[in-house]
Protein chains: 2
Amino acid sequence: MFAALGDETRLALVARLCAAGPLSTARLAEGAAISRQAIAKHLEVLAGAGLVRRGEGGPGRERRWEIEPRRLDEARRALEQISRRWDEALERLRAAVEEEP
Amino acid sequence: MFAALGDETRLALVARLCAAGPLSTARLAEGAAISRQAIAKHLEVLAGAGLVRRGEGGPGRERRWEIEPRRLDEARRALEQISRRWDEALERLRAAVEEEP
DNA sequence: TACACCTGCAACCTGGAGGTTGCACATGGC
DNA sequence: GCCATGTGCAACCTCCAGGTTGCAGGTGTA
């Protein structure tokens, strides 16, 4: 999942989908400097990581993509857990140093 | 920065440094299945992203690496900002839909 | 019907990330 | 002094992520 967010193009896609709401592949490719298929591949990757979902977009020809905000929360929580472990480790080190002499 | 956390090996390194406190390259390479130089390269990348810092480790031969917890907070804040933008976009969409008819 | 879009699939190319090996240098213990 | 250990640098290899091109299939609109 961090790997999915790690690519700048994909991070920009996520940000844009967040700011503008659900958009189709073609619409997302309009502004970008790369081809529509490249965008589509990135969206595949984001979908694989659960960060994005294909909206139905009606039975018609347009299929819009939308953000899955739960995954962003999960990522945030993972970072919180890691930094909490860091604090605990520091505390343990401090205690060990104070006991030793 | 997300790219730095995106690699599994590097994420494991960060988690391990958080759990066990500052460690030297050789110590980190002991358990891993890859060579010491590979670990060193990953640590370079993490340092380039500001997620990790070279401790002095005395003037001696050991140089330990330690976590830079501020960067983890920054990453968390970035995710918060993105998901907040998403909520705002949803709100705007809702308002637009209600006004149209 | 014909035309204009939007989409999906597959083959193909290329640069750089991830990894290894080999060597040289410094430091600490005997 | 000698050896073990921790480190840094550089050349080299391999593979896949990111990107492109080309084509075929659906779906609205005139």
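Basis for what follows: all heavy atoms, side chains included, without hydrogens, waters or symmetry-related copies. Because the structure is predicted, anything quoted here is derived from the model rather than measured. So you know, we letter chains A, B, ... as the sequences are listed, proteins then strands, and number each from 1.
- Across all non-hydrogen atoms, the minimal contact from Ala19(A) to Ala89(B) is O-CB, 3.6 Å.
- Under the 4.5 Å side-chain criterion, counting only non-hydrogen atoms from C-beta, Leu5(B) is not in contact with Leu5(A).
- Shortest non-hydrogen contact noted between Ser83(A) and Arg76(B) is OG-NH1, 4.5 Å.
- Counting only heavy atoms from C-beta outward, the side chains of Leu51(A) and Ile67(A) never approach each other to under 4.5 Å.
- With a 4.5 Å cut-off on side-chain heavy atoms, Val14(B) and Trp86(A) do not count as touching.
- For the segment residues 16-32 of chain A, residues with any heavy atom less than 4.0 angstrom from an atom of DNA chain C are, sorted by number, Ser24(A), Thr25(A), Ala26(A), Arg27(A).
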Quick test: give all pairs of protein nitrogen or oxygen and nucleotides 13-20 of chain C nitrogen or oxygen below 3.5 Å, distance rounded to 0.1 Å.
residue	atom	partner	partner atom	Å
dG18(C)	OP1	Asp7(B)	OD1	3.2
dG18(C)	OP1	Arg10(B)	NH2	3.2
dG18(C)	OP2	Arg10(B)	NH1	3.0
dG19(C)	OP2	His42(B)	NE2	2.3
dG19(C)	N7	Lys41(B)	NZ	3.1
dG19(C)	O6	Lys41(B)	NZ	2.6
dT20(C)	OP2	Ser35(B)	N	2.7
dT20(C)	OP2	Ser35(B)	OG	2.9

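- Listed pair Arg64(B) / dT7(D) fails the phosphate criterion, with no side-chain N or O lying under 4.0 Å from OP1 or OP2.
- Residues Leu13(A) and Val52(A) form no side-chain contact, since every pair of their non-hydrogen atoms from C-beta on lies 4.5 Å or further apart.
- Salt-bridge formation is not detected for the pair Arg85(B)/Glu80(B): no Lys NZ or Arg NE/NH1/NH2 atom is positioned less than 4.0 Å from an Asp or Glu carboxylate oxygen.
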Check: residues 22-35 of chain B side-chain donor-acceptor pairs under 3.5 Å, at least two apart:
residue	atom	partner	partner atom	Å
Ser24(B)	OG	Arg27(B)	N	3.2
Thr25(B)	OG1	Trp65(B)	NE1	2.9
Ser35(B)	OG	Ala38(B)	N	3.4

